[in-house]
Amino acid sequence: MQAKSTLCQIPWNQLNPQQREAVGVLSGPLLVLAGAGTGKTRVVTYRVANLIAHRVPPRRILAVTFTRKAAGEMLARVRRLLRLPKDQGPVVGTFHSLCLDILRRHAQHLGYPKHFVVYDRSDQLSVIRTVLREVVTSGPSFRPADLAAWFSTWKAQGLWPQDASARASDPRTELAAVVYRRYQQALRLAGAVDFDDLLLLVLKLFDEHPAVLQQERNRFEHILIDEYQDTNPPQYRIIRLLAQGHCNLCAVGDDDQSIYRWRGARVEHILQFQRDWPQARIIRLEENYRSTQPILDLANRVIGFNRHRHAKQLRSARGSGPRPRIVAFADPEEEAQAIVSQIAAAVRSRQARPGDFAILFRTNDQIRPFEAQLRQLGLSYTVVGSTSFFDRKEVRDLMAFLQLALPPVNDVALLRVINVPPRGIGTQSVEWLLEQSVQQNRRIWSVMTDSQLLAQLPPRTQKALGEFVRWVEALQARARRRKPSQVLSWIVDTVQYEQEIARVSRTPEEQQGRQMAVQGLLETAAAYEAQEPRPSLRRFLDQMAVEDRTFAKPGQNFSPDEVVLITLHGAKGLEFSRVYLVGVEEGLLPHRHSIAEGQAAVEEERRLFYVGITRAQDVLTLSYCRHRPYRGRKKPCVPSRFLYEAAGQAQLAQQAAAHATQQWNQETPSAEKP
DNA sequence: ATTCGCCCTATTTTT
DNA sequence: TAGGGCGAAT
Ligand SMILES: Nc1ncnc2c1ncn2[C@@H]1O[C@H](COP(=O)(O)OP(=O)(O)OP(=O)(O)O)[C@@H](O)[C@H]1O
């Protein structure tokens, strides 16, 4: 274990004996299966560092994390542990960023342009809408969002349209599979891929091009993966294919924290690790360094109600602390008002800082009253995972313009801004373009630049289209070798976007809000440029598509001055000193849809509750409301069965469950599922 | 092209 | 309830 003087030893004293054992295993398959807060992520981080300390070149190590934020933090920690400079370090990323990177290098093998675009959800929906217009549907029509969910479910199982068709057992599913096929064709024509395609296309690439698989296999000597319990089948296959040569695969996870079954994740992947890798070492971690014992007692009690699990008990290394509280409120307004004023009081008396607090909830619409209260009391806060900024019209418009700067021209982006600000290309003209594009199976852009075709149009429209085409060409020329923020400023200037904002705004406040959004996007671009050694517009758009879009300095935690608002799903892997887990009611947690779906879904809700509880380091407060508005009406609610389970009242828990099951089975029409 | 107004439905969780 | 989407009117 002689390290060269430039290489540091890792601080072994920050690990317990089991962690040391795991970190010390330098080759072969390794599984760390352990409960919440037992230091699994620390094992991955230190193990990466230890491999580097043992002369494994950093770029030959791949660490896969669940979120982009987790990736940034892990990379920053590894660098700090080894005092590595900014331009060195292992490859750390999510499955989606890893796959995007692979596809960028090999897309031509699949017949995609090298610079394919990644469609986000709303691009996806707009493609589905277009496709739906050409597909005859008898019976109840499909809603685009539902179809998107079907496609995603299929893709999470690795099914392409022909597979989906083959399996369809009823006419409606068959029809959906037909739309699925047309959707994929439309994406292909547009030179676009959606989020799930990133994974499936990598598998296709590996299946059809063994040489590429070999090349990608050789790239890494070691693979580590965090949150392994939440991998879906395509992700699982990718990892197995990549690790098969060297078998240096370290997976880390907790079956009790598997919360993405609804998105196709399979907890079996972690449970069958030993079978997949017969030589695997399995290490368990027992001690929890995060929470006090009373919090863990509650967590242990609740998760014990799940039938299908590997039994584990969490033991606190931190000892005792205040008992978790369960509080009832009249309605969400009161809940928010009471909790936020408690936080404000603690902050005022300097017992705690805003950043010590996190408010965890099941569904996004629970945020509202909390945001309102926080604003009212003048506390700053951050909504983790919020996309509201990027959903703003101004931001979407400008992002669409930016995409036009890079060929191949993205059809969805093009259609979005083709008449923004109004430039005489109205619905008539757009209809005509769409029609030509469908008939001739060509991209919109190719129709727009075909002077013969355009001759059919009235001169006014021809002129307008011609001018826009010339503007886009100027934009593309301009965008070469310029930074995103420069391109963006040029766009804002030349389309006179600010004048457009002034024109459409009805009040000064509205105008200011819109201007701020533009400003915000400029700042986002600047933040990206500050973070990236060689910024480019392409990289910026890629990152905006699949990565964390805040471009915050990695390794930097949440601001100590902001209360954190976050969903239970978003909170996985995080920790906070004081946690409020709100809205713990039958119908919300467990969610009514899960109750209607059955026991497996309810067990997942219980795991979600368990994840929430185990985020708390010091103080945990669970709350529920007696009434909550649902579909515009105030409805009475009862405490969640999980609260009774937490209190050890199995009997009452069962009563609550039985009652709710009956209620939600009646009221919830069963959702269509392929 | 824009705006008004009516109707309808509802996101559970997200890379 | 409220917000979005769509059709009709200006
Ligand atoms: N050996 C140790 N000694 C002291 N603190 C530790 C040790 N290992 C981990 N920790 C701390 O315990 C907390 C939980 O660690 P970590 O996030 O790695 O756990 P985890 O098992 O990944 O948790 P989860 O499953 O909930 O995501 C962190 O604050 C970490 O810094």
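Chain identifiers are assigned alphabetically (A, B, ...) following the order of the sequence lines, protein sequences preceding nucleic acid strands; residue numbering begins at 1 within each chain.
Heavy atoms of A:F95 sit nowhere under 4.0 angstrom from any nucleic acid atom.
As rounded to whole Å, 10 Å separates atom C1' of B:dT15 from atom NZ of A:K572. Rounded to whole Å, the distance from CZ on A:R606 to P on B:dT12 is 21 Å. In this structure, CZ of A:F361 is placed 15 Å from P of B:dT12, rounded to the nearest angstrom. For the pair A:E603 CD and B:dT12 C1', the interatomic distance rounds to 18 Å; values are reported in whole Å.
Phosphate proximity of B:dT14 to A:T567: present, with a side-chain N or O under 4.0 Å from OP1 or OP2. The phosphate of B:dT2 has OP1 or OP2 within less than 4.0 Å of a side-chain N or O from A:R503. Distances shown here put a side-chain N or O of A:N419 below 4.0 Å from the OP1 or OP2 atom of B:dA1.
Distance from the side chain of A:R362 is smallest to B:dT12 among B:dT14, B:dT12, C:dG3. Proximity note for A:T94 (side chain, C-beta onward) versus B:dT15, B:dT2, B:dT14: the nearest is B:dT15. Comparing C:dG3, B:dT12, B:dT2 against the side chain of A:H593 picks out B:dT12 as the nearest.
In this view, A:Y528 and A:F540, A:F551 satisfy the ring pair (Phe, Tyr, Trp, His ring centres under 6.0 Å) rule, not counting sequence neighbours. The side-chain contact (heavy atoms from CB on, under 4.5 Å) search around A:S122 returns A:D120, A:R396, not counting sequence neighbours.
Summary of the strand contacts: A:V504 and A:N364 both lie near DNA chain B, and taking for each the nucleotide with the nearest heavy atom, the more 5' one is attributed to A:V504. With the nearest nucleotide of DNA chain B identified for both A:P422 and A:E605, A:P422 has the one nearer the 5' end.
In this pair, A:H96 does not lay its aromatic ring on the base of B:dT15; centres under 5.5 Å and planes under 30 degrees do not both hold.
Side chain to side chain, A:R240 and A:Y236 meet the donor-acceptor criterion of an N or O pair below 3.5 Å. Under the 3.5 Å distance criterion, with hydrogens and angles disregarded, a donor-acceptor pair is assigned to the side chains of A:E603 and A:Q599.
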